[in-house]
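Protein chains get the first letters and strands the later ones, always in sequence-line order, with residue 1 at the start of each.
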Amino acid sequence: MNSKDIRIVFMGTPEFAVGSLKALVEGGYNVVGVVTMPDKPAGRGHKIQYSAVKQYALEKGLKLMQPEKLKDEAFINELKALNADLQIVVAFRMLPEIVWSMPPMGTFNLHGSLLPQYRGAAPINWAIINGDKETGVTTFMLKHEIDTGNIILQEKTPIAPEDNIGTVYDRLMEIGARLVTKTVDLIAEGNVKTLPQESSEELRPAPKIFKETCRLDFSKKAEQLHNLVRGLSPYPAAWLELENESGERRNLKVYETEAEVVSHQEKPGTIISDGKKTLKVACADGYLKLKSVQLSGKRRMTVQEMLCGMKIEAEKIVL
RNA sequence: CGCGGGGUGGAGCAGUGGUAGCUCGCCAGGCUCAUAACCUGGAGGUCAGUGGUUCGAUCCCAUUCCCCGCAA
């Protein structure tokens with residue numbers, strides 16, 4: 001079967017999924033339907049926001065579905081009516097079996113990690129947070145347990161010391177898009193060899209990231225803190241809480257840092273600053289030097305800029 | 001109509017009902033073996049837009065635009 005004849009239904013929500021959808025559309029594949037999250041009020045002022053995938057689908061005039069519940073009968077019927085041969089899921093949500101088992105060629109998922117490592121919602125972030133030197137993308141067939149299906153294709157990419165979630169995310173989106181079309185081609189040929197997920201290493205999970213996950217804990221080591229910052233920058237960003245002499249507290253998001261490993265006698269969380277150009281915070285085995293930050297209510301700026309308008313000696317970090 | 005903070009010389013901030021100041025940067029000069037050092041002098045602002053209150057508003061009120069935090 002020619003891969004361009006396969007009737008494909010695509011499911012996804014954020015920017016990451018758009019990369020793959022775009023590759024399919026521009027590659028001339030037959031995308032007969034797109035499923036994405038319902039519109040919801042989001043952001044400041046609670047304006048209705050369209051998902052990145054919806055915006056792209058509208059641009060291209062693709063058939064769009066936004067079910068509230070994936071088990072909803074009307075949605076299932078609508079999906080069936082599309083008569084898809086294959087379903088592709090990228091950064092969407094857990095699918096009920098009735099959905100992923102529907103098309104004759106099955107349903108495959110693009111995941112932002114080298115499975116079986118980093119199963120879960122935030123694989124890219126966790127690879128960086130844990131200080132990994134490489135990560136990648138994987139396509140696999142869906143089955144009951146989430147992110148455990150047999151692997152179709154996998155591609156690696158190194159994580160450079162200067163990488164952060166923004167840069168790696170973009171790279172994986174590109175690589176992932178290529179992998180998706182390649183996977184479709186393979187499936188079209190009809191002789192896909194899949195490999196069960198196996199690893200001798202200890203499996204690291206990639207749970208959803210909550211605000212507390214992003215808080216800088218200065219009892220940790222400099223390198224760990226630095227990796228946390230990288231793994232969360234630019235979004236959702238690591239943060240700490242400042243308190244001034246009046247007892248007012250403000251959050252400070254931290255985007256760029258440097259780890260400085262050196263023995264010292266300072267208490268973790270102590271601010272070391274010349275008041276003009278540099279600001280570092282004592283941690284377990286050295287200092288975390290802050291370079292790019294954002295004070296709540298202000299825009300993102302360099303530490304030097306922030307120090308120009310702030311009496312840093314009157315501030316302390318809430319631990 | 002979810003809650004809240006903010007828009008002041010190039011940058012970050014302070015401030016007052018009688019037209020503004022700090023830190024940094026910039027320009028010129030000086031000092032120094034030397035410095036992200038120091039000293040002296042200087043340029044640079046219609047204090048976001050609009051309307052109103054007032055003898056007078058950057059500061060009070062209303063409204064618009066923009067930025068940011070929380071919450072989703």
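Between B:G44 and B:G10, the distance separating the two C1' atoms is 9 Å to the nearest Å. Separation of the C1' atoms belonging to B:G17 and B:C55 is 11 Å when rounded to the nearest angstrom. Taking atom P in both B:A48 and B:A36, one finds a spacing of 37 Å when rounded to whole Å. Distance noted for atom P between B:G52 and B:G2: 31 Å (whole Å). Distance check on atom P: B:C59 versus B:U16 gives 13 Å, rounded to whole Å. If you take atom C1' in B:G15 and the same atom in B:G4, they sit 23 Å apart, rounded to whole Å. Rounded to a whole angstrom, the distance from the P atom of B:A57 to that of B:G51 is 13 Å. As rounded to the nearest Å, B:G42 and B:G21 have P atoms that lie 14 Å from one another.
In summary, A:E59 and A:K22 do not engage in a salt bridge, as defined by a charged side-chain N under 4.0 Å from a carboxylate O. Ionic pairing of A:E134 and A:K156 is present here: one or more N-O contacts between side-chain nitrogen and carboxylate oxygen are shorter than 4.0 angstrom. A:R204 has a carboxylate O that lies under 4.0 Å from a charged side-chain N of A:D132, or vice versa, which qualifies the two as a salt bridge.
In this structure, B:C47 makes no Watson-Crick or G-U wobble pair, since no nucleotide meets both defining distances under 3.5 angstrom. Nucleotide B:U35 forms no Watson-Crick or G-U wobble pair with any nucleotide shown, as no partner meets the under 3.5 Å limit on both distances. B:U58 is unpaired under the criterion used here, namely a Watson-Crick or G-U wobble arrangement in which both key atom distances are under 3.5 Å. Across all strands shown, B:G69 forms a Watson-Crick or G-U wobble pair with B:C3, both key distances being under 3.5 Å. Nucleotide B:U40 is matched to B:A28 when pairs are restricted to Watson-Crick or G-U wobble geometry with both distances under 3.5 angstrom. Base pairing of B:C13: its partner is B:G21, meeting the Watson-Crick or G-U wobble criterion (both donor-acceptor distances under 3.5 Å).
Using a 3.5 Å distance cut-off with no hydrogens or angles, the side chains of A:Y255 and A:R300 do not pair a donor with an acceptor.
Between A:I48 atom CD1 and B:G2 atom P there is a gap of 10 Å when expressed in whole angstrom units. Atom CD in A:E313 sits about 11 Å away from atom C1' in B:U23, given to the nearest Å. Computed from coordinates, the A:R250 CZ to B:G6 P distance equals 11 Å when rounded to whole Å. When rounded to the nearest whole Å, the span between CE of A:M301 and P of B:C24 equals 17 Å. Rounded to whole Å, the distance from CD on A:E248 to P on B:G6 is 10 Å. Between the P atom of B:G21 and the NZ atom of A:K311 lies a distance of 18 Å, rounded to the nearest Å. Atom NZ of A:K277 and atom C1' of B:A11 are 12 Å apart (whole Å). Per the geometry, CD belonging to A:Q304 stands 18 Å off P belonging to B:G10, to the nearest Å.
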What does the list of N/O pairs under 3.5 Å between the protein and nucleotides 66-72 of chain B look like, with a distance for each?
from	atom 1	to	atom 2	distance (Å)
B:C68	O3'	A:Q294	NE2	3.0
B:C68	O2'	A:G297	N	3.0
B:C68	O2'	A:K298	N	3.4
B:C68	O2'	A:K298	O	3.1
B:C68	N4	A:R44	NE	3.2
B:G69	OP1	A:K253	NZ	3.4
B:G69	OP1	A:Q294	OE1	3.3
B:G69	OP2	A:R44	NH2	3.4

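Of the candidates A:L86, A:N150, A:V90, A:T138, A:F108 forms a side-chain contact (heavy atoms from CB on, under 4.5 Å) with just one, namely A:L86.
Residue A:L242 comes nearest to A:V318 through the heavy atom pair C-CG2, 4.4 Å, listed as atom of the first residue, atom of the second, then distance.
In this structure, A:L21 and A:V34 have side chains that are in contact, with non-hydrogen atoms separated by less than 4.5 Å.
Judged purely by atom type and a 3.5 angstrom limit, A:R230 has no side-chain atom pairing as donor or acceptor with the backbone of A:N125.
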